Visitor: 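Here it is, the structure in full.
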Amino acid sequence: MPSFLDFEKPIAELQGRIDELRETAADGAVNIDTDVARLQAKSDKLLRDTFAKLTPWQKTQVARHPERPHFKNYVTGLFDEFVPLAGDRAFGDDQAILGGFANFCGRRVMVIGHEKGEDTASRLRHNFGMGKPEGYRKAIRLVELADRFGLPIVTLVDTSGAFPGIQAEERGQAEAIARSTEACLAAGVPVIAAIVGEGGSGGAVALAAGNRVLMFEHAVYSVISPEGCASILWRTADKAPDAAEAMKVTAQDLKQLGVIDTIVTEPLGGAHRDPAAAIDALGSAIEGALSDLSGLEPTTLRRDRREKFLAMGRV
C-alpha cells in the first residue's frame, strides 16, 4: 500500500476498513467478498473523484510523493545497457545528477537526470536531487559528448531546485546552471526533456531546454517552490496553496501556456500507485517524441529549440 497524503485521508480510511475485513476473515471462516467488493468500489470512486479535481497545491504534494519513481527506476524500466559516466573533470562527481550512455528502443542515447533517492541514506547521498555546480558541469560534459557522437539526449527532471549552499555559490552555481541551459540549447541532436516529479527553478531548466518537453499530469514545474514564493510575497509559507494557484505550476496550465508540449497520463492516484505503468507511459511518450525529431538536421533542431523558447510569454 502507498502512503497516503493529507487530502487522501477518506481514501485511507476506506482502505483501512478493507484491510481489517480481510484480516478478520483470513482463516476463511467468513465470506467477506461482497463487502470487500462494495468498499473497494467505493474507494476507487472516491480516488477517481479526488484526483479529477486536484488543486495545484495537492498536485505539488503528489509530485513530491516519496514513492514516485526516480531516475534509477526509469533507467531500469526503460533503458538497456546503461553505462554511467561520472565527474565534471574539474571538481568532483555530484550524485544528485546522474547520466550516461544507454539503449532506448533500439537506439543509442544519452540519458541524464536528477536522482532524489528512495530512503534516508540514499537521499542524503544524492542531496535530495539538488544539483551542485559539478553536477551541472557533468551534465554539460555529457550533452557535449552526445552531440559529438550524434546521440539523442533524454533528460529526466525531478528537483526542488539547485543546491543553494554557500559552497555551491562559491564554485559558480549560477554560471554552471546557465552553461548547462546553453549546452542543451546548442546541441545539434534531439533533446527530449521529461518533468517526472518536481521541476524547480533554474535547477530544472538547466536540463529541460529541449526540443520537446514532456510532463506527467501530476508533476509541477515552476520558477520557485510554492513555499518560497509565499515566503517572499506574504512573509509566510502558510500561503503556499495560494502561491501554487497563482503560479500556474500544473501540467495542464503549462500546456495551455505553451511551456510544455505533451502531458503524460499517470495511473489513477498518481505514478507512485503503479510505477511500472507510469514508466511505460513515459517510455511511449519519449519514443513518440524521438520519432518526430529523428532525421532532422542539427541546424533545424537548434532553430526549433530557439523558436520554442523565444515564443514563451510572447503576446
Side-chain angles (χ1 to χ4, degrees), residues 71 74 88 94 96-99 109-114 129-148 150-163 172-216 219-224 248-249 251 253-255 257-264 282 285-286 289-290 292-294 296-314:
F71 178 83
Y74 290 109
D88 66 342
D94 183 11
I97 298 178
L98 305 178
V109 301
M110 180 71 77
V111 57
I112 309 168
H114 301 95
M130 295 186 293
K132 298 176 183 177
E134 52 270 24
Y136 291 104
R137 291 183 178 120
K138 172 166 64 175
I140 295 167
R141 185 171 73 84
L142 300 191
V143 167
E144 292 176 346
L145 191 61
D147 195 14
R148 189 179 312 149
L151 302 179
I153 299 166
V154 177
T155 66
L156 305 174
V157 177
D158 188 14
T159 180
S160 58
F163 183 62
Q173 182 72 291
E175 183 266 347
I177 290 172
R179 295 288 186 187
S180 181
T181 307
E182 179 186 42
C184 289
L185 290 171
V189 295
V191 181
I192 310 298
I195 316 298
V196 297
E198 282 187 280
S201 192
V205 176
L207 297 185
N211 297 92
R212 298 292 181 272
V213 180
L214 319 176
M215 186 171 174
F216 269 129
V220 292
Y221 190 24
S222 64
V223 69
I224 191 173
K248 307 295 184 185
V249 300
D253 286 329
L254 295 169
K255 178 71 164 63
L257 292 169
V259 175
I260 66 167
D261 302 291
T262 303
I263 298 175
V264 181
L282 182 65
I286 293 173
L290 282 175
D292 290 343
L293 297 170
S294 63
L296 296 181
E297 294 294 323
T299 52
T300 303
L301 291 166
R302 293 189 187 100
R303 184 174 64 249
D304 172 81
R305 237 174 275 130
R306 175 183 172 82
E307 292 174 354
K308 172 183 175 61
F309 284 89
L310 286 178
M312 290 182 189
R314 185 178 293 160

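In what follows, every heavy atom counts, from backbone to side chain, and hydrogens, waters and symmetry copies are set aside. Please read all numbers here as calculations on a predicted model, not as lab measurements.
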Visitor: Determine, for Glu175 against Arg137, whether the closest basic-nitrogen to carboxylate-oxygen distance falls under 4.0 angstrom.
Guide: yes
Visitor: Sorted by first residue and then second, give each salt bridge (Lys or Arg N to Asp or Glu O under 4.0 Å) pair with at least one member in residues 182-193; sequence neighbours left out.
Guide: Arg179-Glu182
Visitor: Could you walk me through whether Ile263 and Met215 pass side chain to side chain contact (heavy atoms under 4.5 Å, CB included), step by step?
Guide: CA-CA 5 Å; Ile263 298 175; Met215 186 171 174; 5.7 Å; no
Visitor: With sequence neighbours left out, what residues match Ala194 under side-chain contact (heavy atoms from CB on, under 4.5 Å)?
Guide: Leu156, Val196, Leu214, Leu282
Visitor: Identify the heavy atoms of Thr159 and Ala162 that sit nearest to each other, and give their distance.
Guide: OG1-N, 4.5 Å
Visitor: Which residue pairs pass the salt bridge (Lys or Arg N to Asp or Glu O under 4.0 Å) test with at least one member in residues 205-215, sequence neighbours excluded?
Guide: Arg212-Asp304
Visitor: How many angstroms lie between atom CD1 of Ile112 and atom CG of Leu207, to the nearest 0.5 angstrom?
Guide: 6.5 Å
Visitor: Could you tell me which non-hydrogen atom of Ala204 sits nearest to which non-hydrogen atom of His114, and how far apart they are?
Guide: CA-CE1, 4.4 Å
Visitor: Show your reasoning for whether side chain to side chain contact (heavy atoms under 4.5 Å, CB included) applies to Met110 and Val143.
Guide: CA-CA 8 Å; Met110 180 71 77; Val143 167; over 6 Å; no
Visitor: For Asp261, give me all partners under side chain to side chain donor-acceptor pair (under 3.5 Å), at least two apart in sequence or on another chain.
Guide: Lys308
Visitor: Side-chain contact test, heavy atoms from C-beta onward, threshold under 4.5 Å: evaluate it for Leu296 versus Leu293 and give yes or no.
Guide: yes
Visitor: Could you tell me the separation between the CG atom of Leu151 and the CG atom of Leu142, rounded to the nearest 0.5 Å?
Guide: 11.0 Å
Visitor: Tell me the salt bridge (Lys or Arg N to Asp or Glu O under 4.0 Å) pairs involving residues 150-162, sequence neighbours left out?
Guide: Lys116-Asp158
Visitor: Compare every heavy atom of Pro133 with every heavy atom of Gly172, then report the nearest pair and how far apart it is.
Guide: C-CG, 4.1 Å
Visitor: Once side-chain contact (heavy atoms from CB on, under 4.5 Å) is applied, do any residues pair with Glu307, and if so which ones, sequence neighbours excluded?
Guide: Arg303
Visitor: In Å, rounded to the nearest 0.5 Å, how long is the span from CD1 of Ile286 to OH of Tyr74?
Guide: 9.0 Å
Visitor: Quick one: are Phe163 and Gln173 in side-chain contact, heavy atoms under 4.5 Å?
Guide: yes
Visitor: Would you check if Asp88 and Asp94 make a side-chain contact, meaning some heavy-atom pair closer than 4.5 Å?
Guide: no
Visitor: Can you list everything that forms a side-chain contact (heavy atoms from CB on, under 4.5 Å) with Ala208? Sequence neighbours excluded, please.
Guide: Val157, Ala193, Ile195, Tyr221
Visitor: Measuring from Lys132:NZ to Lys138:NZ, what's the distance to the nearest 0.5 Å?
Guide: 12.0 Å
Visitor: Under the rule for side chain to side chain donor-acceptor pair (under 3.5 Å), what residues qualify as partners of Arg305, not counting sequence neighbours?
Guide: Asn211
Visitor: Counting only N and O atoms by type, is there a donor-acceptor contact under 3.5 Å from the side chain of Ser201 to the main-chain atoms of Val223?
Guide: yes
Visitor: Measuring from atom CD of Glu144 to atom CD1 of Ile153, what distance do you get when rounded to the nearest 0.5 angstrom?
Guide: 9.5 Å
Visitor: List the residues meeting side-chain contact (heavy atoms from CB on, under 4.5 Å) with Ala206, not counting sequence neighbours, and say none if there are none.
Guide: Tyr136, Ile177, Ser180, Thr181
Visitor: Got a second to check how far Glu134's CD is from Arg141's CZ, nearest 0.5 Å?
Guide: 13.0 Å
Visitor: Return all side-chain donor-acceptor pairs below 3.5 angstrom for residues 183-192, not counting sequence neighbours, or 'none' if the list is empty.
Guide:
none

